[in-house]
Structure formats: C-alpha cells, structure tokens
Amino acid sequence: MEYPFEKILITEKEIKDKIKKLANQINKDYKGKNLIMICILRGAFVFFADLIREIKIPVELDFMAVSSYDSQTQSTGNVKIVKDIQDTVDDKHVLVIEDIIDSGYTMLNLRNIFKVKNAKSFKSCVLLDKVDRRVVDIQADYVGFKIPDEFVVGYGLDCAERFRNLKDIRVLQRSYYTK
Ligand code: IMP
Ligand code: MG
C-alpha cells in the first residue's frame with residue numbers, strides 16, 4: 001500500500017454492512033419515540049450521512065462541533081463546544097453520533113452537556129471503539145467496530161484535517177505523525 005498507510009483496517013463493504021445493522025437496531029429501539037440524532041463534527045459527518053439514510057423512523061437531525069485535542073493525536077480531557085445545536089432537546093431522546101471513542105473524555109463531556117440541556121434520554125452511537133485506550137468510565141451504547149490502539153484515518157476521520165475523504169478506514173504509519 002502506498003505511503004503513509006500501514007494497512008486497510010476496515011473496508012468500505014464492512015462499514016456499509018455494519019451501518020445497516022446499527023440502523024436496524026436504532027429503528028427498533030426508538031420506534032414511537034421523539035428522536036434527535038446529533039452529528040459530532042467533523043469526524044462523524046461521513047458516518048452520520050450514511051447512517052441517517054438507513055433510519056426509517058421519524059427523526060430530527062442536528063450538528064454540534066466540539067474540540068478536545070490540543071495536539072494532533074493526544075486527548076486533553078477538556079472539551080469545548082465550538083458549535084452548539086440549534087434547538088432545545090428537553091422533549092427529545094438524544095442520540096449522539098461520533099466517529100470514535102478513545103479516552104472517553106469527549107463522550108463524558110457530551111453526556112454532561114445533554115444532562116444540563118435536560119434531554120429526555122442520552123445515548124451514543126460510535127463507529128469505532130478503542131477499548132484499550134479508555135481513561136474515563138464510559139461506554140457507547142451502539143458500537144460499530146472495536147479496534148486496537150492504532151491511529152486510524154479515513155471515512156471522516158483525520159490526521160491534521162487530511163484523509164477524511166478515504167472510503168475505508170486505514171491505519172496511519174506512526175512515522176507520519178511522530179516526525
Ligand atoms: P476521546 O475524547 O479521547 O474519546 O477522543 C475522541 C476523539 O478523538 C474523536 O472524536 C476523534 O476526533 C479523535 N480520535 C481519537 N482516536 C483517533 C484516531 O485513531 N484517528 C482519528 N481521530 C481520533
Ligand atoms: Mg472527533
């Protein structure tokens with residue numbers, strides 16, 4: 001494979017199949033409920049766009065941007081809202097859509113934010129889960145793939161804003177971001 005990728009970790013087809021399964025579950029779990037799905041920008045935008053098109057129940061959509069990283073690959077624990085959602089959620093069941101859960105700081109902060117916003121319920125759906133990297137005690141409610149502790153890019157995930165456009169998920173060579 002061409003520089004700077006080590007390998008393809010998850011193929012386009014595998015992602016597509018998994019999204020159908022996740023959406024089926026969401027369709028069942030939220031039937032008859034006032035659902036709002038919130039895309040966490042920017043990493044989740046590709047996943048979000050594919051997932052919502054498999055949702056068959058009525059759903060509101062919104063977008064939120066948070067930033068948690070000081071450097072390119074290290075989490076800090078502090079999450080700030082860069083762009084907030086447009087509406088109130090006190091009469092809605094919130095399902096946050098994220099690209100990846102790593103240390104868990106982002107998700108923990110999001111859960112607290114929606115508690116303050118008085119959401120009817122809060123759940124999360126992540127495409128990727130780096131289980132071994134968790135620092136805070138939080139799980140995602142819907143998980144696409146559990147992955148090892150490697151830095152991945154593609155399908156919305158970036159390294160310094162690059163590679164979001166790849167159709168699959170790839171492991172980035174360490175030398176690319178450590179030099
Ligand atoms: P956490 O707060 O440490 O759980 O980090 C979550 C955020 O870290 C995600 O939304 C991503 O933006 C970023 N992140 C963590 N691991 C990776 C990775 O392997 N590739 C790209 N972004 C990552
Ligand atoms: Mg992100």
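First listed ligand is number 1; within each ligand, the first listed atom is number 1. For the single chain, residues carry numbers from 1 onward in sequence order.
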- Query: Under 3.5 Å between some N or O of ligand 1 and some N or O of Met107?
  - Reply: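 Between Met107 and ligand 1, no N or O pair is found under 3.5 Å apart.
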- Message: Can you confirm, on distance only, whether ligand 1 has an N/O atom lying under 3.5 Å from any N/O atom belonging to Gly104?
- Response: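 N/O-N/O distance under 3.5 Å: yes.
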Give the numbers and elements of all ligand 1 atoms closer than 4.0 Å to a heavy atom of [X].
| X | answer |
| --- | --- |
| Thr106 | 1 (P), 2 (O), 5 (O), 6 (C) |
| Glu150 | 19 (O) |
| Asp158 | 21 (C) |
| Asp99 | 9 (C), 10 (O), 11 (C), 12 (O) |

- Message: Counting only heavy atoms, tell me which of Phe163, Tyr177, Phe151 gets closest to atom 17 (C) of ligand 1.
- Response: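 Shortest heavy-atom distance from atom 17 (C) of ligand 1: Phe151.
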- Query: So between Arg42, Lys130, Glu98, whose heavy atom ends up nearest atom 16 (N) of ligand 1?
  - Reply: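 Among Arg42, Lys130, Glu98, the closest heavy atom to atom 16 (N) of ligand 1 belongs to Lys130.
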- Query: How long is the span from the CD atom in Glu150 to the CD atom in Glu6, to the nearest 0.5 Å?
  - Reply: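 Interatomic distance, Glu150 CD to Glu6 CD, rounded to 0.5 Å: 6.0 Å.
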- Task: Indicate the ring-plane relationship of Phe48 and Phe63, choosing parallel, tilted or perpendicular according to the 30° and 60° boundaries.
- Result: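 Aromatic pair Phe48/Phe63 classed perpendicular.
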- Does Phe122 have Lys115 sitting over its ring (NZ/CZ under 6.0 Å from centre, angle to axis within 45°)?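 Not flagged: Lys115 not positioned over aromatic ring of Phe122.
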- Give a yes/no verdict on a cation-pi contact between Arg170 and Phe5, requiring under 6.0 Å between NZ or CZ and the six-membered ring centre and an angle within 45° of the axis.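 Because its charged atom sits under 6.0 Å from the ring centre and within 45° of the axis, Arg170 does stack over Phe5.
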- Query: Considering only heavy atoms, does Leu157 approach ligand 1 within less than 4.0 Å through its side chain, its backbone, both, or neither?
  - Reply: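 The part of Leu157 near ligand 1 is the side chain, not the backbone.
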- Proximity flag Leu108 to ligand 1, non-hydrogen atoms under 4.0 Å: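 Leu108: no contact with ligand 1 (<4.0 Å).
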- Item | Ring centres under 6.0 angstrom apart (Phe163, Tyr176) |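 That pair passes the under 6.0 Å test.
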- Item | Tyr155 versus Asp50, side-chain donor and acceptor atoms under 3.5 Å |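 Yes, a side-chain donor-acceptor pair sits under 3.5 Å.
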- Does Asp102 reach the main-chain N or O of Arg133 with its side chain, forming a donor-acceptor pair under 3.5 Å?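 Answer holds: no.
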